[in-house]
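Have a look at the structure below, then the notes.
Both counts, for ligands and for their atoms, begin at 1 and track the order of listing.
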Amino acid sequence: MKNFRRIGILTSGGDAPGMNAAVRAIARKARKQGVEAVGIIGGYAGLINEKLINLTSGAVSNVITKGGTFLYSDRCLEFKTEEGMAKAIETCKKNNIDAIIAIGGDGTFRGATDLAVHGIPTIGVTGTIDNDITATDYTVGFDTAMNTVVEILDKLRDTCESHARCNVVEVMGRDCGQIALKAGIAAGAMAVAIPEMPFNEEETIERIKSAKLKAKRGMLIVVSEGVFGTDENGNKVPYGELLQKKIEKETGIETKFARLAHIVRGGTPTLRDRLTASQMGIKAIDLILEGKSNLVVIEEDGKITSMDILFALTADRMYKNKLKEGDLDKFTPEQIEEMKALCEKRRAEIAELYDIINDIAL
Ligand code: ADP
């Protein structure tokens with residue numbers, strides 16, 4: 001075991017319920033191992049500006065039930081510059097921070113690899129409501145976000161049913177449709193539009209018309225924020241609002257649009273998120289104390305394990321068709337095959353779930 005003095009913990013990028021549970025687990029376990037834990041306030045900006053707090057066991061009391069992140073988060077452009085990185089490294093040196101655990105999404109992990117290159121061992125923990133990190137089956141915050149969406153869809157169902165209305169609901173997820181898809185199935189939506197799958201608009205409208213004939217009153221359609229369409233002026237616009245107008249025009253059913261936006265981010269973390277965050281936090285501190293670096297903690301087939309960050313980020317780009325020239329040069333043909341298999345696994349999971357919507361909609 002390496003001799004660490006202090007471990008820095010930060011939360012960065014979009015906040016996610018459960019981040020606090022991860023910070024708590026890391027801070028408590030670190031102290032049990034005789035290592036001090038320091039909270040970095042406001043993500044990488046806090047590292048640049050030396051905004052630190054001592055995370056004693058008491059400092060993390062009562063945070064496990066809280067949504068958001070009590071360490072705050074930020075999107076910090078300065079961290080991507082040489083000057084910003086130099087200031088961040090200086091803060092680590094000055095404050096005896098020997099390693100950092102960064103909780104966030106893919107952007108956060110890119111920042112973490114930069115820190116590792118500059119000699120600060122780092123481990124990433126997935127914290128994002130979108131579940132959009134290809135490397136892991138699960139990201140902390142996803143379950144709470146899905147449950148929030150289901151709760152809201154259930155409420156909308158009541159009022160749609162009372163007034164014989166349709167409601168198109170846009171939910172967060174960036175370019176990943178998992179929140180929309182899973183919450184849509186669980187709330188009994190008639191159709192779900194996600195970026196990963198082609199959406200059959202005509203069939204959806206036919207489905208609504210036929211449901212109306214069968215005396216169905218309330219109808220819910222879920223659209224992921226990553227789906228776009230083109231308006232009458234040729235501009236790229238969020239698809240949900242376009243679909244709402246089209247449904248109303250073509251079916252004659254009063255149709256409302258709701259954008260849930262950031263509501264989905266907040267709230268008390270569910271058991272799943274608190275538990276997984278605690279497990280991932282413990283795994284992260286264990287890895288750091290074993291002298292490991294440049295890894296991201298993931299969940300794979302129900303087990304908490306880890307993966308090389310660069311491999312994870314590259315597999316992510318491959319899945320999202322965002323590979324840049326030279327991205328694969330650092331990997332062996334076997335590793336590239338492994339990445340392709342991971343992407344296939346994710347695509348198959350989405351396709352299988354997507355079929356469910358079509359199989360059970362009225
Ligand atoms: P998320 O982690 O949720 O994906 P962002 O993409 O906004 O969120 O990233 C969070 C922060 O991580 C950014 O504000 C920035 O400070 C840092 N970051 C993102 N991309 C990079 C990069 N390519 N190099 C260094 N730092 C980065």
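Residue Y44 has no nitrogen or oxygen atom sitting less than 3.5 Å from a nitrogen or oxygen atom of ligand 1, judged on distance alone. Considering backbone and side-chain N/O atoms, G104 never comes within less than 3.5 Å of an N/O atom of ligand 1.
The heavy atom nearest to atom 12 (O) of ligand 1, out of those in G107, A112, G111, is found in G107. With atom 16 (O) of ligand 1 as the reference point, the heavy atom nearest to it among C76, A88, G84 is part of C76.
The pair R346-E349 meets the salt-bridge criterion, with a side-chain N (NZ, NE, NH1 or NH2) lying under 4.0 Å from an Asp/Glu carboxylate O.
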Would T270 and D143 satisfy side-chain hydrogen bond (donor to acceptor under 3.5 Å, both in side chains), going step by step from the backbone distance to the final call? CA-CA 7 Å; T270 58; D143 189 59; 2.6 Å; yes
So E254 and K256, salt bridge (charged side-chain N to carboxylate O under 4.0 Å, His left out) or not? Walk me through it. CA-CA 7 Å; E254 186 190 8; K256 301 279 184 195; 3.4 Å; yes
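Looking from atom 2 (O) of ligand 1 to the surrounding protein, the closest heavy atom is T108 OG1, 2.5 Å. Taking atom 8 (O) of ligand 1 as the reference point, the nearest protein heavy-atom neighbour is G13 CA, 3.2 Å. For atom 22 (C) of ligand 1, the nearest protein heavy atom (residue, atom name, distance) is R110 CB, 3.6 Å. The protein non-hydrogen atom at the shortest distance from atom 21 (C) of ligand 1 is K80 CE, 3.5 Å. Atom 4 (O) of ligand 1 has its closest protein heavy atom at D106 OD1, 2.8 Å. Among protein heavy atoms, the minimum distance from atom 7 (O) of ligand 1 is reached at R75 NE, 2.6 Å. Residue, atom and distance of the protein heavy atom nearest to atom 10 (C) of ligand 1 are S12 OG, 3.2 Å.
In this pair, F199 and Y239 present their aromatic rings perpendicular. The plane angle is above 60°, beyond the 30 to 60° band.
None of L47, V38, I40 except one satisfies the side chain to side chain contact (heavy atoms under 4.5 Å, CB included) rule with C92; the exception is L47. Each of K245, K246, R207 was compared with E201 under the salt bridge (Lys or Arg N to Asp or Glu O under 4.0 Å) criterion, and only K246 meets it.
For G43, the closest heavy-atom approach to ligand 1 does not fall below 4.0 Å. Under a 4.0 Å heavy-atom criterion, T128 is not in contact with ligand 1.
The atoms of ligand 1 that sit less than 4.0 Å from any heavy atom of G14 are 3 (O). Numbered from 1 in the order shown, with element, the atoms of ligand 1 that lie under 4.0 Å from a heavy atom of F79 read 16 (O), 26 (N). Close contacts between ligand 1 and G105 involve ligand atoms 1 (P), 2 (O), 3 (O), 4 (O) [criterion: under 4.0 Å to a heavy atom].
Considering CE of M19 and CD1 of I9, their distance stands at 13.0 Å, rounded to 0.5 Å.
In this structure, the side chains of D106 and R174 come closer than 4.5 Å at one or more pairs of heavy atoms. Considering only heavy atoms from C-beta on, M190 stays 4.5 Å or farther from T204 through its side chain.
In R174, the part holding a heavy atom less than 4.0 Å from any atom of ligand 1 is the side chain. If you look at D114 next to ligand 1, the close heavy atoms, those under 4.0 Å, all belong to the side chain.
In the hydrophobic clustering of ILVMFWY residues, with side-chain heavy atoms under 4.5 Å counting as a link, M197 and I185 come out together.
Figure legend: R272 and Y138 shown as a cation-pi pair, the cationic atom lying under 6.0 angstrom from the six-membered ring centre and within 45 degrees of its axis.
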